[in-house]
Amino acid sequence: MGDDNSYDIRTILTQMREEYWQALAEEESEAKEMLECLVFTLGGKRYAFETHYASEVIRVPKLVRVPAVQSLIRGIFNLRGEITAAIDIRPMLGLPQPEIGATGRILVVRGENFATGILAEAAHGVQGLSFENFEPIAAGSGIKAQFLRGHFNVEDGKVILIDMETLLADPELLAGEA
């Protein structure tokens, strides 16, 4: 005699388990590949580089000018006992150079052989940028593309990704190479 209102607890638990694992599999497949970046303003536009190059972000201290160095080096400053150069990379990127105001920051970056400070008009913090919204730099775009990897299209505009490894390896940044 069959009872239509009866239920099998094993069948119900099996269905619940399958639904749970299916939901987890869907979440994993929807996970986006993100790049954690420090976002900042240069020449009025938003730029970024990977956080593993960033050491810290500080207010612009008093810079001491150094004679006979490239014009990119705006001065040096004492970073907790370590003399560090403050560089302005905007000319390398072909950007305008508005005055660095009260929101100005120095982004201390560490390359393979040295640390330096990059002058920025503002720092916006660390953001996870999705590769889903990434577009590489188009050939012939008319900008100095050797230091750029591409851009992310985000809700409030575009964030341009700097190729920090190439930028820090450029001989123009090394003191005494002028």
Side-chain angles (χ1 to χ4, degrees), residues 34-129 131 134-138 141-178:
M34 303 289 277
L35 185 65
E36 189 174 79
C37 293
L38 177 62
V39 180
F40 53 96
T41 300
L42 283 179
K45 296 180 181 177
R46 289 189 310 156
Y47 284 82
F49 60 81
E50 296 101 320
T51 54
H52 63 89
Y53 290 105
S55 176
E56 59 188 294
V57 177
I58 60 172
R59 292 183 187 273
V60 179
K62 181 178 180 178
L63 301 177
V64 178
R65 291 202 169 269
V66 179
V69 294
Q70 300 88 341
S71 61
L72 297 175
I73 299 175
R74 295 301 168 129
I76 57 173
F77 61 98
N78 185 340
L79 182 64
R80 287 182 287 290
E82 187 174 321
I83 302 302
T84 306
I87 59 172
D88 187 351
I89 63 170
R90 294 178 294 185
M92 296 175 75
L93 300 174
L95 297 173
Q97 295 174 278
E99 191 69 30
I100 302 288
T103 60
R105 297 289 185 264
I106 290 184
L107 317 172
V108 180
V109 295
R110 296 210 178 268
E112 212 169 279
N113 299 320
F114 65 96
T116 193
I118 295 176
L119 286 164
E121 293 149 34
H124 306 291
V126 174
Q127 290 182 346
L129 300 171
F131 275 113
F134 182 76
E135 293 179 24
I137 293 292
S141 58
I143 56 175
K144 294 188 173 187
Q146 76 265 28
F147 301 118
L148 306 177
R149 293 175 54 193
H151 67 270
F152 293 93
N153 294 313
V154 294
E155 280 183 25
D156 51 347
K158 185 168 36 173
V159 177
I160 302 167
L161 182 61
I162 293 178
D163 185 343
M164 191 55 74
E165 184 176 336
T166 302
L167 185 93
L168 292 176
D170 192 89
E172 211 173 342
L173 291 183
L174 301 175
E177 297 287 325

*Atom pair CG/CD1 of Leu63 and Ile76 - distance to nearest 0.5 Å*: 9.0 Å
*Results of ring pair (Phe, Tyr, Trp, His ring centres under 6.0 Å) for Phe49 - residues two or more places apart only*: Phe40
*Shortest non-hydrogen contact from Ile106 toward Gly117*: CG2-CA, 3.5 Å
*Which pair of non-hydrogen atoms, one from Val39 and one from Ala48, has the smallest distance, and what is that distance?*
CG2-CB, 4.1 Å
*Test item: Glu50 and Arg149 side chains (from C-beta on) under 4.5 Å apart, heavy atoms*: yes
*Check whether any side-chain heavy atom of Leu168 lies under 4.5 Å from a side-chain heavy atom of Glu112, and answer yes or no.*
no
Return all side-chain donor-acceptor pairs below 3.5 angstrom for residues 155-165, not counting sequence neighbours, or 'none' if the list is empty.
| residue | atom | partner | partner atom | Å |
| --- | --- | --- | --- | --- |
| Asp156 | OD1 | Arg46 | NH2 | 3.1 |
| Asp163 | OD1 | Glu165 | N | 3.4 |
| Asp163 | OD1 | Thr166 | N | 3.3 |
| Asp163 | OD1 | Thr166 | OG1 | 3.3 |
| Asp163 | OD2 | Thr166 | OG1 | 2.9 |

*Do you know the tightest heavy-atom contact between Arg110 and Ala115?*
NH1-CB, 3.0 Å
*Within-4.5 Å side-chain heavy-atom neighbours: Phe134 and Leu35*: no
*Could you give me the CA-CA distance, side-chain angles and deciding distance for Leu167 and Ile118, then say whether side chain to side chain contact (heavy atoms under 4.5 Å, CB included) is met?*
CA-CA 11 Å; Leu167 185 93; Ile118 295 176; 4.3 Å; yes
Scan the side chains in residues 52-59 for donor-acceptor partners under 3.5 Å anywhere in the protein, sequence neighbours excluded, and list what turns up.
| residue | atom | partner | partner atom | Å |
| --- | --- | --- | --- | --- |
| Glu56 | OE1 | Arg80 | NH2 | 2.6 |
| Glu56 | OE2 | Arg80 | NH2 | 2.2 |

*Name all residues meeting the side-chain hydrogen bond (donor to acceptor under 3.5 Å, both in side chains) criterion together with Thr51; count only those two or more places apart in sequence or in a different chain, and write none if there are none.*
Glu36
*Please name all residues satisfying side-chain hydrogen bond (donor to acceptor under 3.5 Å, both in side chains) with Gln127, sequence neighbours left out, ordered by chain then number.*
none
*OG1/Thr116 to CG/Leu107 distance, rounded to the nearest 0.5 angstrom?*
10.5 Å
*Which distance, rounded to the nearest 0.5 Å, do you find between the CD1 of Ile73 and the CZ of Arg65?*
11.5 Å
When the side chains of residues 84-102 are checked against the rest of the protein, which donor-acceptor pairs come out under 3.5 Å, sequence neighbours left out?
| residue | atom | partner | partner atom | Å |
| --- | --- | --- | --- | --- |
| Thr84 | OG1 | Glu82 | O | 3.1 |
| Asp88 | OD1 | Arg90 | N | 3.2 |
| Asp88 | OD1 | Arg90 | NE | 2.8 |
| Asp88 | OD2 | Arg74 | NH2 | 3.4 |
| Asp88 | OD2 | Arg90 | NE | 3.3 |
| Asp88 | OD2 | Arg90 | NH2 | 2.9 |
| Asp88 | OD2 | Gln97 | NE2 | 3.1 |
| Arg90 | NH1 | Pro98 | O | 2.8 |
| Arg90 | NH1 | Glu121 | OE2 | 2.9 |

